[in-house]
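Everything below concerns the one structure shown next.
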Amino acid sequence: MKIFLDTANVDQIREVNSWGILSGVTTNPTLLAKEGREFKSTVKEIAAIVDGPISAEAVSMKKDEIVKEARELSKIADNVVIKIPITPDGLGATKILSSEGIKVNMTLIFSGNQALLAALAGASFVSPFIGRLDDISHDGVQVLSEIINVYQNYDFETEVIAASIRHPLHVLQAAQIGIDIATVPYDVVKKMVKHSLTDIGIEKFLEDWEKVKNYKK
Ligand code: G3P
């Protein structure tokens with residue numbers, strides 16, 4: 001499974017990218033608003049840091065306007081992918097854009113049927129929001145399983161991005177069912193690295209090394 005970072009914070013992206021485990025970044029208007037920076041220059045900077053798909057969201061709602069906006073956004077950098085919410089207009093725009101070679105990440109996916117439609121329209125990625133499903137007492141991971149099942153039945157090439165990840169267990173559950181990508185918030189990816197036994201183990205090794213390094217031949 002590939003790990004994307006779900007943030008528009010350039011410092012966080014640089015830090016996690018330096019670990020050598022990052023394959024892409026997803027942004028959305030909410031994440032960009034947190035940074036208080038101009039949209040296109042922020043996306044351009046992110047696209048130069050990470051060698052992989054960088055999702056930037058189109059905010060137009062009508063098919064022709066979505067297409068126009070997406071074409072503009074795709075000029076920011078070669079690795080920019082256009083996030084489009086699933087609506088009838090969004091599907092129509094995705095069909096046009098995918099035929100032009102512009103990659104679409106169809107977002108705000110909450111069901112297997114929505115994911116099926118996104119794949120039929122030619123989306124390169126779909127983003128089911130599993131945390132938001134859990135928030136309303138639905139099972140987000142179950143919806144991921146449904147999508148994987150549907151896509152395998154028909155050999156769709158659309159990659160599934162588990163999004164709206166709230167904790168490390170979400171990432172593990174996504175990996176266990178073979179999800180292509182998890183887009184993970186910075187605080188969650190930091191928690192994934194940590195284990196108290198690792199910390200205790202390092203402390204003990206360093207303590208013992210202090211004894212060993214002074215031994216003479
Ligand atoms: O890419 C955005 C998606 O992950 C949303 O997350 O936490 O706002 O539900 P959240």
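Atoms within each ligand, like the ligands themselves, are counted from 1 in listed order. Counting begins at 1 with the first residue of the sequence. In this text, all values refer to a predicted model and were calculated from it rather than measured experimentally.
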Does a donor on one side chain and an acceptor on the other come within less than 3.5 Å for Ser55 and Thr26?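 There is no such pair between these side chains.
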
Tyr186 and Glu15 side chains, donor-acceptor separation under 3.5 Å: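 Short answer, yes.
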
Looking only at protein heavy atoms, identify the closest one to [atom] and say how far it is in Å.
atom                   : value
atom 8 (O) of ligand 1 : Arg132 NH2, 2.8 Å
atom 1 (O) of ligand 1 : Asp6 OD1, 2.8 Å
atom 2 (C) of ligand 1 : Asn28 ND2, 3.0 Å
atom 6 (O) of ligand 1 : Ser164 CA, 3.4 Å

For ligand 1, which part of Glu57 has a heavy atom less than 4.0 Å away: the side chain, the backbone, both, or neither?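 It is neither part, as no heavy atom is under 4.0 Å.
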
Any side-chain heavy-atom pair from Asn79 and Asp51 closer than 4.5 angstrom?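 Sidechains of Asp51 and Asn79: no contact.
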
Hey, is ligand 1 close enough to Arg166 that some N/O pair sits below 3.5 Å?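 Yes, there is a polar N/O contact under 3.5 Å.
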
Would you call Glu45 and Lys40 a salt bridge, using N to O less than 4.0 angstrom?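 Judged by the 4.0 Å cut-off on N to carboxylate O distance, Glu45 and Lys40 do not form a salt bridge.
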
Between His167 and His170, what is the ring plane arrangement, given parallel below 30°, perpendicular above 60°, and tilted in between?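 Rings of His167 and His170: parallel, under 30°.
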
Should you measure from each heavy atom of Ala163, which atoms of ligand 1 turn up under 4.0 Å away?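 Going through ligand 1 atom by atom, the ones under 4.0 Å from Ala163 are 4 (O).
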
Could you point out which residue of Asp134, Asp6, Asp135 forms a salt bridge (charged side-chain N to carboxylate O under 4.0 Å, His left out) with Arg166?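 Only match with Arg166 under salt bridge (charged side-chain N to carboxylate O under 4.0 Å, His left out): Asp135.
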
